[in-house]
Participant: 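One structure coming up, written as structure tokens, with questions to follow.
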Amino acid sequence: MKTFDCAVFVGLLCLSALSMAKKSPPKVQVYSRVPGKVGEANTLMCHASNFHPPEITIELLRNGKEIPGATQTDLAFEENWHYHLTKHVHFTPGKGEEFSCRVTHGGSPKMYMWEEDL
């Protein structure tokens, strides 16, 4: 019976910690591995951090359309139960193209533009 009581207590502590974590929108950074140059291969990255709850979708876009072949890290969390996640894809910027990251958290999508260093 003591084991059961301890398990229930630990479970309640975990639920309490989760409920104390406030809803927080993500802080988003969109950047490339190296400064962008037209016609040169690069890696586009979108990093979302300090968000809660953990349900989030990250899409990397070229001219408003999702870029295929993107890779995403595993969802990770900090001691304060806020999460971070990164998605990246290889790309070659062309003249006049727009690259962005669409992050959906809490049901509402938000766009973040890549500022090229051309």
Side-chain angles (χ1 to χ4, degrees):
M1 190 68 165
K2 280 187 175 185
T3 304
F4 178 75
D5 291 341
C6 286
V8 169
F9 180 71
V10 169
L12 289 173
L13 279 177
C14 289
L15 285 175
S16 173
L18 283 173
S19 67
M20 290 187 324
K22 296 179 182 177
K23 290 185 178 182
S24 300
K27 176 183 175 189
V28 177
Q29 298 166 296
V30 182
Y31 54 97
S32 55
R33 184 169 187 262
V34 296
K37 293 189 179 177
V38 171
E40 291 188 17
N42 206 334
T43 302
L44 180 65
M45 293 177 249
C46 183
H47 179 72
S49 62
N50 204 32
F51 59 89
H52 189 276
E55 291 79 24
I56 193 167
T57 303
I58 298 175
E59 299 167 283
L60 295 170
L61 310 171
R62 175 192 314 250
N63 300 322
K65 295 184 180 177
E66 189 167 11
I67 304 170
T71 303
Q72 185 169 287
T73 62
D74 290 332
L75 182 68
F77 66 92
E78 305 296 332
E79 290 178 9
N80 65 359
W81 290 97
H82 284 81
Y83 296 83
H84 59 94
L85 186 66
T86 303
K87 194 163 191 174
H88 69 276
V89 68
H90 296 291
F91 78 120
T92 302
K95 188 172 177 80
E97 290 186 308
E98 289 184 352
F99 293 90
S100 58
C101 175
R102 180 169 48 218
V103 177
T104 304
H105 183 256
S108 54
K110 190 169 180 185
M111 297 290 284
Y112 301 88
M113 300 302 293
W114 172 59
E115 300 291 330
E116 54 190 78
D117 300 324
L118 301 177

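Since we're looking at a predicted model, the values are computed, not measured.
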Participant: With a cut-off of 6.0 Å (strictly less than), are more than 12 heavy atoms of other residues, nucleotides or ligands near CD of E98?
Facilitator: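 No, not enclosed.
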Participant: In terms of hydrophobic clusters joined by side-chain contacts under 4.5 Å, are M113 and I67 together?
Facilitator: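 In one cluster with M113: I67, no.
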Participant: Do V89 and Y31 share a hydrophobic cluster, counting only Ile, Leu, Val, Met, Phe, Trp and Tyr and linking them when any side-chain heavy atoms are less than 4.5 Å apart?
Facilitator: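 No; tracing contacts between hydrophobic side chains, which count when under 4.5 Å, never links both residues.
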Participant: Give me the atom names and distance for the closest heavy-atom approach of T104 to P109.
Facilitator: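 So the minimum-distance heavy-atom pair works out to OG1-CB, 3.5 Å.
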Participant: Report yes if the side chains of Y83 and I56 come closer than 4.5 Å at any heavy-atom pair, otherwise no.
Facilitator: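 Counting from C-beta outward, Y83 and I56 never come under 4.5 Å.
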Participant: Under 30°, 30 to 60°, or over 60°: which ring-plane class applies to H88 and H90, parallel, tilted or perpendicular?
Facilitator: perpendicular
Participant: Looking only at non-hydrogen atoms, find the nearest pair between H105 and H52 and report the distance.
Facilitator: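 Scanning both residues, the minimum pair turns out to be CE1-O, 3.4 Å.
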Participant: Could you give the distance from CG (L44) to OG1 (T92), rounded to the nearest 0.5 Å?
Facilitator: 11.5 Å
Participant: Determine the minimum heavy-atom distance between P26 and Y112, stating which atoms define it.
Facilitator: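 That would be O-OH, 4.3 Å.
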Participant: Less than 4.5 Å apart, side chain to side chain, heavy atoms only: is that true for W114 and P93?
Facilitator: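 In contact.
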Participant: Taking all heavy atoms of R33 and all of N42, pick out the closest pair and write down the distance.
Facilitator: N-OD1, 3.3 Å
Participant: Rounded at 0.5 Å granularity, tell me how far OG in S49 sits from CD in Q29.
Facilitator: 6.0 Å
Participant: Can you say whether the rings of H47 and H84 are parallel (under 30°), tilted (30 to 60°) or perpendicular (over 60°)?
Facilitator: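 H47 and H84: tilted rings.
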Participant: Decide yes or no on side-chain contact (heavy atoms from CB on, under 4.5 Å) for V30 and F99, but give the supporting numbers first.
Facilitator: CA-CA 9 Å; V30 182; F99 293 90; over 6 Å; no
Participant: So if you build clusters from Ile, Leu, Val, Met, Phe, Trp, Tyr with side-chain heavy-atom gaps below 4.5 Å, do V28 and L60 land together?
Facilitator: yes
Participant: Begin from the C-alpha positions of V103 and K110 and carry the test side-chain contact (heavy atoms from CB on, under 4.5 Å) through to its verdict.
Facilitator: CA-CA 5 Å; V103 177; K110 190 169 180 185; 5.5 Å; no
Participant: Give a yes or no on whether M45 and I58 share a hydrophobic cluster (residues Ile, Leu, Val, Met, Phe, Trp, Tyr; joining criterion: side-chain heavy atoms under 4.5 Å apart).
Facilitator: no
Participant: Apply side-chain contact (heavy atoms from CB on, under 4.5 Å) to E40 and V34, showing your working.
Facilitator: CA-CA 10 Å; E40 291 188 17; V34 296; over 6 Å; no
Participant: Supply the atom-to-atom distance H82 NE2 to F51 CZ, rounded to the nearest 0.5 angstrom.
Facilitator: 10.0 Å
Participant: Please report the interatomic distance SG(C46) to CZ(R102), rounded to the nearest 0.5 Å.
Facilitator: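 So the gap between those two atoms works out to 11.5 Å.
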